[in-house]
Amino acid sequence: MKRFLSILILMIFLLPAGLALAEDQAQTTASSVEQTAPAAMVAPDPSGAKTGGAADVIGATANAPTADDLKNLAKNEPLAAKLADVVGHNRIAINFVWILFCGFLVMFMQAGFAMAEAGFTQAKNAGHTMAMNFMIYAIGMLGYWVMGFALQMGGVGNVAALGGGTGLLNGEFAVNLFGKEFGLFGTRGFFLSGVTYDTAIFALFLFQMVFMDTTATIPTGSMAERWTFKSFVVYGFFISAIVYPLYANWVWGGGWLSQIGKNFGLGHGHLDFAGSSVVHMTGGVAALAGAIVLGPRLGKFKADGTPVALPGHHIPMAVVGCFILAFGWFGFNTGSTLSGGDLRIGVVATNTMLAGGAAAFSSMLYMWLRYGKPDISMSANGMLAGLVAITAPCAFVNSVSAVIIGLIAGILVCISVVFVERTLKIDDPVGAVSVHGVNGTWGVLALGLFADGTYGDGLNGIAGPVKGLFYGDGSQLAAQVVGSLTNIVFVFVVMYLFFKILDKIIPLRVSEELELQGLDQAEVAVSAYPDFHVRTSHR
């Protein structure tokens, strides 16, 4: 078993190696061509010395200089041309700092996930839950570095806000159907080597990687307290290297869902500003598939199917974790502008804050009215649900819509948690399916309803701002529906089959004896609370 696990992980690393070597050869070829035709080439800039310049001033604002203006400056005002070069470099530098800072905030969300999931689960498994949340960061990062980034962003083309060598991400594998091109995955950027050894591409990698890691973390909550650590490791590589990158390519990497506006007249194509579908639905649907295959914890359901409460051991820890997540979410959403000079970040941040607060309030009120008492754990999950829901539409809606979206999300998560547990008989210890899957879907659809036409001109090659159904464009809602259904079908089928097959090779579930005893010592060689007696029986 250990040998198989080692071989499987090794194959994940070696599979793209040939493509990386091919990129090295392409870089050598590009360098030789550049010597004869420098103006026609985009070359990688690993030092950053050549990234950002006068050309990056064009289109920066509504009154920015045109290409002709810069030509005249270079001819008649040499000093002004040099100043334009400095301005362009500084503009790109500001954007670099912006997305890196926001990426660091998103990375810190991993601590929030760890605390929330550990707090909402039992003390005897706290070390195991923490270990999964910690190691998915490292495992996911490596899987994404090997091939995930290439599959997702390898064909995205030039990212104007970052300039530099992002134009070298120009390899999108596509098929032609109905006379239209359907981009499926990128082919540049394996191991971040070859022609993708560039400062702008590396900055983009970091920002995109932490988004992927959020997705990979979500199923650790729904599958907590009975998942073998060795099967978790294989899962970490699989979702980070293959599943997440493919859907993310279709939406953010120039793939086919982003083009259904141009190809079929559906709004601006499927839009997801910061990840309600790409990140949260993908994680939530994967969490659903995993929880179904794994089955419920021992003692979770009585013989007649009635659910039994298995209380989390540290609600204060869970609540603090949710606050950390809310803090990191400001980087999650505002950073998705990819530009510190895009002043819409003020609207994005405020909408994010309002939706999260509104959802926490509506969750509290719903539980109070429905069950007689406010439930702080549901209020905390309600805040996360509101943040998930606003993630897709945050840049496209006004504050009133943001509050409405949050209020609905807060109620929706309460209803969904009960439905998943009592009707579907699925054991989801932290409510991951409801918070991320259900409200990720709501957020994507909310964009198609509430986008108010004040932002998004030119997105996915479509002229004019983004408008939802309530502002006159029902086709945008249709695009959102197509993207949501695609996510549900693709992610669920792939992850369900993956977990089924993996279970035959490396059992997903720990033994009954170990589950009763607790997973900490046996699975990860620690006890979260060695000086305290913890309950080890479900009876």
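Reckoned from all heavy atoms, side chains included, excluding hydrogens, waters and symmetry mates. Predicted model only: the values in this text are computed from it and were never measured.
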Exercise. For Ser47, check side-chain hydrogen bond (donor to acceptor under 3.5 Å, both in side chains) against everything at least two apart and list the hits.
Key: Asp45

Under 3.5 Å, which donor-acceptor pairs link side chains of residues 103-113 to any protein atom two or more places apart or in another chain?
| residue | atom | partner | partner atom | Å |
| --- | --- | --- | --- | --- |
| Gln110 | OE1 | Thr217 | OG1 | 3.4 |
| Gln110 | NE2 | Asn133 | O | 3.0 |
| Gln110 | NE2 | Thr217 | OG1 | 2.7 |

Quiz item: Is there a ring pair (Phe, Tyr, Trp, His ring centres under 6.0 Å) between Phe450 and Phe470 once you walk through the steps?
Solution: CA-CA 6 Å; Phe450 292 101; Phe470 298 153; 5.2 Å; yes

Exercise. List in chain and number order the residues that pass side-chain hydrogen bond (donor to acceptor under 3.5 Å, both in side chains) with Ser379, two or more places apart in sequence or in another chain; answer none if no residue qualifies.
Key: none

Quiz item: Taking only residues two or more places apart in sequence or in another chain, which ones pass side-chain contact (heavy atoms from CB on, under 4.5 Å) with Val156?
Solution: Met153, Val159, Leu169

Quiz prompt | Any donor-acceptor N or O pair under 3.5 Å, side chains Glu181, Gln259 | solution = no

Quiz prompt | ring pair (Phe, Tyr, Trp, His ring centres under 6.0 Å) partners for Phe185, two or more places apart | solution = Phe173

Practice problem: Decide yes or no on side-chain contact (heavy atoms from CB on, under 4.5 Å) for Trp250 and Phe182, but give the supporting numbers first. | Solution: CA-CA 9 Å; Trp250 301 344; Phe182 287 72; over 6 Å; no

Self-check item: Validation row, ring centre Tyr244 to ring centre Phe211 under 6.0 Å
Solution: no

Self-check item: Qualifying ring pair (Phe, Tyr, Trp, His ring centres under 6.0 Å) pairs with a residue from residues 44-70, counting only residues at least two apart or across chains
Solution: none

Using a 3.5 Å cut-off and no angle test, enumerate the donor-acceptor pairs between side-chain atoms of residues 324-331 and protein atoms at least two apart in sequence or in another chain.
| residue | atom | partner | partner atom | Å |
| --- | --- | --- | --- | --- |
| Trp329 | NE1 | Leu387 | O | 3.4 |
| Trp329 | NE1 | Thr391 | OG1 | 2.8 |

Quiz prompt | side-chain contact (heavy atoms from CB on, under 4.5 Å) partners of Ala392, counting only residues at least two apart | solution = Asp272, Ser276, Val444, Leu447

Quiz prompt | Selection residues 157-166 - residue pairs positive for side chain to side chain donor-acceptor pair (under 3.5 Å), sequence neighbours left out | solution = Asn158-Thr166

Quiz item: CD1/Ile201 to CG/Leu192 distance, rounded to the nearest 0.5 angstrom?
Solution: 8.0 Å

Quiz item: Is the distance between the ring centroids of Phe149 and Phe190 less than 6.0 Å?
Solution: no

Quiz item: Looking at OG1 of Thr352 and CG of Asn333, how far apart are the two atoms once the value is rounded to the nearest 0.5 Å?
Solution: 3.5 Å

Practice problem: Can you sort out the partners of Asn95 under side-chain hydrogen bond (donor to acceptor under 3.5 Å, both in side chains), two or more places apart, ordered by chain and number? | Solution: Ser339

Practice problem: Can you sort out the partners of Tyr235 under side-chain hydrogen bond (donor to acceptor under 3.5 Å, both in side chains), two or more places apart, ordered by chain and number? | Solution: none

Practice problem: Would you give the length of the straight line joining atom CG of Asn487 to atom OG of Ser277, rounded to the nearest 0.5 angstrom? | Solution: 6.0 Å

Pairs of donor and acceptor atoms involving the side chains of residues 76-89, under 3.5 Å and at least two apart or interchain, shall be tabulated with distances.
| residue | atom | partner | partner atom | Å |
| --- | --- | --- | --- | --- |
| Asn76 | ND2 | Asn72 | O | 3.4 |
| Asp85 | OD1 | Ala54 | N | 3.0 |
| His89 | ND1 | Thr51 | O | 2.8 |

Practice problem: Evaluate whether atom CZ of Phe361 has more than 12 neighbouring non-hydrogen atoms of other residues, nucleotides or ligands under 6.0 angstrom away. | Solution: no

